[in-house]
Q: 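So that we are looking at the same thing, I have put the structure below in structure tokens.
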Amino acid sequence: MAVSARSSIPPESDVSPGRSHGPSQAGDIGTYRPARAAAGARAMKAAPVGIGDLEPHRRELTGYCQRIVGASEADDAVQETMLRAWRASAGFDGRSSVRVWLYRIAANTCLDLLRGRERRGRLGQRLQASAEVSTPPASSADPAELAATQDGVRLALAAMLGQLPTRQRAALILCEILRWRLDEAAQVLGTSAAAVASSLQRARATLARQSGPGDPGNIDADQLARYQDAFRRYDIATLARIIRVEAGQAAG
């Protein structure tokens with residue numbers, strides 16, 4: 001029996017005896033293998049992504065992130081991208097390649113870093129203004145300016161730690177720098193809103209009497225480092241926890 005080369009139906013000699021060769025069966029034979037192959041391809045694409053699928057893209061992702069957030073934060077952006085991808089790997093549905101999927105995660109990660117940098121910049125400016133420490137505005141393209149801004153944050157924190165009692169410092173950071181309401185600050189400090197307002201007023205008066213940042217005096221280097229790290233990372237939860245602990249110790 002002659003069989004067209006374009007036909008997907010095998011010749012009769014290849015069909016096992018006893019099987020039905022009706023039209024419906026012929027149709028099944030013609031579509032079964034391509035359908036199974038497509039299903040297999042989808043299953044392979046949707047398989048959970050392993051660390052071995054992520055690491056080969058690290059280098060090019062680093063270059064991509066450098067163009068968005070700058071060289072100083074690119075490594076952090078890539079590491080966060082890898083972490084997010086690993087956490088979301090079970091949900092990878094295979095509708096795109098792993099590479100495209102990673103780039104999408106990297107783009108969102110970089111945008112989050114840029115938004116965080118903007119918030120940290122505003123926070124640092126308010127902190128320095130409160131302690132009357134002026135530094136040039138930070139620029140993501142100039143590491144020297146960024147370092148100067150970080151130094152300004154350190155000087156402002158040192159001034160507060162050296163010149164303000166615990167509750168005055170806490171009221172100033174919570175209400176003037178973080179912009180919390182008096183009642184919110186009172187809840188953290190375990191006191192009343194009126195007491196927080198009084199501490200805030202005294203803190204402002206104390207700092208206003210200073211002609212400049214000057215010598216902050218004898219301060220705890222570890223305490224300064226904890227504050228500086230929390231401000232650098234815009235970690236409000238950690239700042240609130242530090243303030244709560246210190247306020248409790250002062251009350252005790």
Side-chain angles (χ1 to χ4, degrees), residues 73 76 80 83-84 87 109 112-135 137-138 146-252:
E73 291 190 272
D76 288 342
E80 177 64 19
L83 181 60
R84 292 185 183 187
R87 288 172 175 167
T109 299
D112 288 343
L113 282 175
L114 290 175
R115 284 191 287 264
R117 180 189 294 168
E118 183 181 358
R119 289 193 297 267
R120 288 195 299 272
R122 289 197 298 267
L123 193 67
Q125 289 168 8
R126 291 200 295 266
L127 175 64
Q128 292 166 50
S130 297
E132 297 185 350
V133 176
S134 62
T135 60
L146 182 59
T149 300
Q150 288 300 317
D151 191 53
V153 168
R154 184 187 64 80
L155 288 174
L157 287 170
M160 291 183 183
L161 292 172
Q163 298 169 19
L164 297 178
T166 300
R167 287 193 172 268
Q168 290 184 28
R169 180 174 68 245
L172 187 73
I173 291 175
L174 291 174
C175 297
E176 186 162 294
I177 299 170
L178 300 184
R179 303 291 173 86
W180 286 20
R181 299 194 311 268
L182 290 174
D183 59 324
E184 293 172 332
Q187 187 173 7
V188 170
L189 300 175
T191 186
S192 66
V196 173
S198 177
S199 294
L200 179 60
Q201 184 178 9
R202 292 199 299 272
R204 287 170 174 163
T206 299
L207 291 176
R209 288 194 295 268
Q210 305 298 321
S211 57
D215 182 3
N218 186 23
I219 62 173
D220 186 330
D222 290 338
Q223 182 187 35
L224 174 59
R226 287 194 297 272
Y227 271 101
Q228 188 175 5
D229 181 64
F231 269 94
R232 181 183 62 81
R233 294 183 292 106
Y234 193 73
D235 191 342
I236 306 303
T238 295
L239 275 173
R241 184 165 57 253
I242 292 172
I243 290 170
R244 183 185 297 110
V245 170
E246 290 181 352
Q249 291 173 344

Q: Is there a side-chain contact between Ile243 and Tyr227, using heavy atoms and a 4.5 Å cut-off?
A: yes
Q: Check side-chain hydrogen bond (donor to acceptor under 3.5 Å, both in side chains) between Gln187 and all other residues, then give those that pass, not counting sequence neighbours.
A: none
Q: Looking only at heavy atoms, which two atoms of Ala185 and Cys175 are closest? And how far apart?
A: CB-SG, 3.7 Å
Q: For a side chain to side chain contact (heavy atoms under 4.5 Å, CB included) with Pro165, tell me which candidate from Arg169, Gln163, Gln168 qualifies.
A: Gln168
Q: By salt bridge (Lys or Arg N to Asp or Glu O under 4.0 Å), which residues pair with Arg181, not counting sequence neighbours?
A: Asp183, Glu184
Q: Side chain of Arg167, backbone of Leu189: donor and acceptor closer than 3.5 Å?
A: yes
Q: Hey, what do you get for CZ (Arg244) to CD1 (Ile242), rounding to the nearest 0.5 Å?
A: 11.0 Å
Q: Quick one: closest heavy-atom pair of Ala240 and Trp180, and the distance?
A: CB-CH2, 3.9 Å
Q: Between Leu207 and Leu164, is there a side-chain heavy-atom distance shorter than 4.5 Å?
A: yes
Q: Within this structure, what is the CG-CD1 distance for the pair Leu127 and Ile177, rounded to the nearest 0.5 Å?
A: 4.5 Å
Q: Could you check Ile219 against Gln223 for side chain to side chain contact (heavy atoms under 4.5 Å, CB included), going step by step and ending with a plain yes or no?
A: CA-CA 8 Å; Ile219 62 173; Gln223 182 187 35; 5.6 Å; no
Q: Is a side-chain donor or acceptor of Thr206 paired with a backbone partner of Arg202 at a separation under 3.5 angstrom?
A: yes
Q: How long is the span from the OG atom in Ser198 to the CG atom in Leu182, to the nearest 0.5 Å?
A: 11.0 Å
Q: When rounded to the nearest 0.5 angstrom, what distance separates CG in Leu161 from CD in Glu246?
A: 7.0 Å
Q: Is any side-chain heavy atom of Val196 closer than 4.5 Å to a side-chain heavy atom of Leu174?
A: no
Q: Taking all non-hydrogen atoms of both residues into account, name the closest pair between Ser199 and Ala171 and its distance.
A: CB-CB, 3.8 Å
Q: Nearest 0.5 Å, please: how far is CG in Asp112 from CD in Glu80?
A: 8.0 Å
Q: If you measure from CG on Leu200 to CD1 on Ile173, what distance do you get to the nearest 0.5 Å?
A: 11.5 Å
